[in-house]
Chemist: 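What follows is a single structure, and I will ask about it in a moment.
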Amino acid sequence: MLFRSDIANKLSDALNNMLLYKNLQQSETALRDAKEELECQYEELEELDKMKDGLLSDVTHELKTPVSKQWMQVELLKRFLDGKGLLDDCGKIVKTMEATIARQNSVINNILDLSRLEKGGRKYKFESIHLDTLLREVLNDYQPIIESHGVAVETELPKITINSDSEMLSHVFANLINNAIKYKNHNVPPKLGLSIEVQPRTVIVKITDNGIGISKSEQERVFERFYQASASAPGSGVGLTIAKIIVEDLAGQIWLESAGKDQGTTVFVELPLIVNRKD
């Protein structure tokens, strides 16, 4: 009886092993098929992404010409109204037209910049830069806007020289300062802080405001291209994306912190003192 029982157990084990092996084969086949399907979908998504980028670049290029023509027409209109002594009476309308065209032009330029950066179309020019001087120059460019918005500015900019690209850094900090002013909290007097913290091998530039702040969920997405917390928010939604690409291309990193709505925001830009390049 025991002999027969042993044989039955072994046969049962063998059958179970055969079933297990068959199931494993089926699972392996299913996984292989799923992998191939995912690879095909990935290739299709990549192709669609390339088509979208190409279309976006083509459309923005095509938009530049009519926007430039609109700008020229407004300038001609201003001259005509001025010649007729009507410019003061129509000043508000003309300023609205100028502001609208300026926003359109800014959106187009930002998208074109993003396209060029993502395709590696911008060659960086590394040189010795007085970072404190560069930041003061960018801040000075925004002085008329700062004054018109009544923004109180505090700076702490010790002298420091780094090896980087001055033009591209100006682009980054101009965007960040503009955001700090644009997203002000209308319930409190606006403030803007700009400082440099020198580390042994890096510098950290901090742009601080007491504006509308950013929720925790939004903080995770603000550097995504075309992301905007609100559809009514001004701009194209690519400014921070461009800043991130530039800073990382310059061997740095960028991040932000905010305690939440109406709690202000601080953006941190960390840059190396010297960039070790392989070119």
Side-chain angles (χ1 to χ4, degrees), residues 110 113-114 116-118 120-143 146 151-183 190-211 213-225 227 238-260 263-279:
N110 276 338
D113 286 341
L114 178 61
R116 281 192 291 265
L117 286 167
E118 288 186 327
R122 173 55 160 86
K123 301 301 180 183
Y124 291 88
K125 301 174 184 176
F126 289 88
E127 59 186 345
S128 181
I129 298 170
H130 295 287
L131 183 59
D132 54 301
T133 301
L134 182 145
L135 288 169
R136 287 191 177 92
E137 288 173 351
V138 174
L139 197 60
N140 187 60
D141 289 340
Y142 278 87
Q143 198 58 38
I146 288 170
V151 181
V153 179
E154 293 183 2
T155 61
E156 187 177 345
L157 304 174
K159 291 183 177 181
I160 184 67
T161 301
I162 68 171
N163 176 248
S164 197
D165 186 314
S166 61
E167 181 183 344
M168 299 306 282
L169 281 183
S170 294
H171 191 100
V172 169
F173 293 122
N175 180 282
L176 299 179
I177 290 172
N178 181 61
N179 281 352
I181 299 169
K182 182 167 61 177
Y183 296 108
K191 294 180 180 180
L192 169 67
L194 187 60
S195 64
I196 296 175
E197 181 181 328
V198 182
Q199 305 285 336
R201 295 186 178 182
T202 65
V203 291
I204 299 177
V205 178
K206 293 194 290 186
I207 299 94
T208 305
D209 64 64
N210 64 339
I214 304 173
S215 69
K216 294 295 182 183
S217 59
E218 292 169 356
Q219 288 176 39
E220 298 176 359
R221 300 194 60 194
V222 290
F223 292 102
E224 295 178 12
R225 62 178 180 170
Y227 176 76
V238 300
L240 286 176
T241 308
I242 292 172
K244 186 174 188 293
I245 291 173
I246 293 173
V247 170
E248 290 181 351
D249 283 349
L250 295 172
Q253 56 180 331
I254 181 172
W255 70 96
L256 58 78
E257 294 177 2
S258 175
Q263 298 298 311
T265 304
T266 299
V267 182
F268 301 82
V269 178
E270 185 173 25
L271 297 163
L273 295 174
I274 299 174
V275 178
N276 295 318
R277 294 171 291 143
K278 297 180 181 180
D279 55 6

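Everything quoted here is computed from the prediction, not taken from an experiment.
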Chemist: Would you check, one step at a time, whether the test side-chain contact (heavy atoms from CB on, under 4.5 Å) holds for Gln219 with Ser258?
Modeler: CA-CA 8 Å; Gln219 288 176 39; Ser258 175; 3.6 Å; yes
Chemist: Would you confirm whether Asp165, through its side chain, and Lys125, through its main-chain N or O, come within 3.5 Å as a donor-acceptor pair?
Modeler: yes
Chemist: Quick one: list whatever passes side-chain hydrogen bond (donor to acceptor under 3.5 Å, both in side chains) with Thr161, sequence neighbours left out.
Modeler: His130
Chemist: Report the residues that fulfil side-chain hydrogen bond (donor to acceptor under 3.5 Å, both in side chains) with Thr155, sequence neighbours left out, ordered by chain and then residue number.
Modeler: none
Chemist: What is the minimum heavy-atom distance between Ile246 and Met168, and which atoms define it?
Modeler: CD1-CE, 3.4 Å
Chemist: Mind listing the closest non-hydrogen atom pair of Asp249 and Tyr124 along with its distance?
Modeler: OD2-OH, 2.7 Å
Chemist: Within the structure provided, determine whether Phe223 and Ile254 are in side-chain contact (heavy-atom separation under 4.5 Å).
Modeler: yes
Chemist: With no hydrogens and no angle check, do the side chains of Tyr183 and Asp209 hold a donor and an acceptor under 3.5 Å apart?
Modeler: no
Chemist: Check step by step if side-chain contact (heavy atoms from CB on, under 4.5 Å) holds for Trp255 and Val267.
Modeler: CA-CA 6 Å; Trp255 70 96; Val267 182; over 6 Å; no
Chemist: With rounding to the nearest 0.5 angstrom, report the OG1 to CD1 distance, Thr133 to Ile160.
Modeler: 11.5 Å
Chemist: Minimum heavy-atom separation for Ser164 and Leu250, please, with both atom names.
Modeler: OG-CD1, 3.6 Å
Chemist: Flag the pair His171 / Ile242 as yes when at least one side-chain heavy-atom distance between them is below 4.5 Å, and no otherwise.
Modeler: yes
Chemist: Which heavy atom in Phe268 sits nearest to a heavy atom in Leu256, and how many Å separate them?
Modeler: CD1-CA, 4.5 Å
Chemist: How would you list, by chain and number, every residue that makes a side-chain hydrogen bond (donor to acceptor under 3.5 Å, both in side chains) with Thr266, sequence neighbours excluded?
Modeler: Thr208
Chemist: For the CG atom of Leu157 and the CG atom of Leu131, what is their distance to the nearest 0.5 Å?
Modeler: 8.0 Å
Chemist: If you compare all heavy atoms of Ser128 against all heavy atoms of Asn163, which two are closest, and at what distance to 0.1 Å?
Modeler: N-ND2, 4.4 Å
Chemist: Evaluate Ile162 against Leu169 for side-chain contact (heavy atoms from CB on, under 4.5 Å), listing each step before the verdict.
Modeler: CA-CA 11 Å; Ile162 68 171; Leu169 281 183; 4.0 Å; yes
Chemist: Strictly below 4.0 Å, N to O, side chains only: are Arg221 and Glu224 in salt-bridge contact?
Modeler: yes
Chemist: Taking side-chain hydrogen bond (donor to acceptor under 3.5 Å, both in side chains) as the test, write out the residues that go with Glu127, two or more places apart.
Modeler: Ser166
Chemist: Please confirm whether the backbone N or O of Ala174 pairs with a side-chain atom of Tyr142, one donor and one acceptor, at under 3.5 Å?
Modeler: yes
Chemist: Throw together a table of side-chain donor-acceptor distances under 3.5 angstrom for residues 193-203, partners on residues two or more places apart or in other chains.
Modeler:
unit_1, atom_1, unit_2, atom_2, d
Glu197, OE2, Gln199, NE2, 2.5
Thr202, OG1, Glu270, OE2, 2.9

Chemist: Should we say atom CD of Gln143 is surrounded by more than 12 heavy atoms from elsewhere, each under 6.0 Å from it?
Modeler: yes
Chemist: Find out whether Asn179 and Leu240 are in side-chain contact, i.e. whether some heavy atom of one side chain is under 4.5 Å from a heavy atom of the other.
Modeler: yes
Chemist: Quick one: closest heavy-atom pair of Pro158 and Asp132, and the distance?
Modeler: O-CB, 3.4 Å
Chemist: Among all residues two or more places apart in sequence or in another chain, which pass the salt bridge (charged side-chain N to carboxylate O under 4.0 Å, His left out) test with Glu248?
Modeler: Lys244
Chemist: What distance separates Glu257 CD from Thr265 OG1, expressed to the nearest 0.5 Å?
Modeler: 10.5 Å
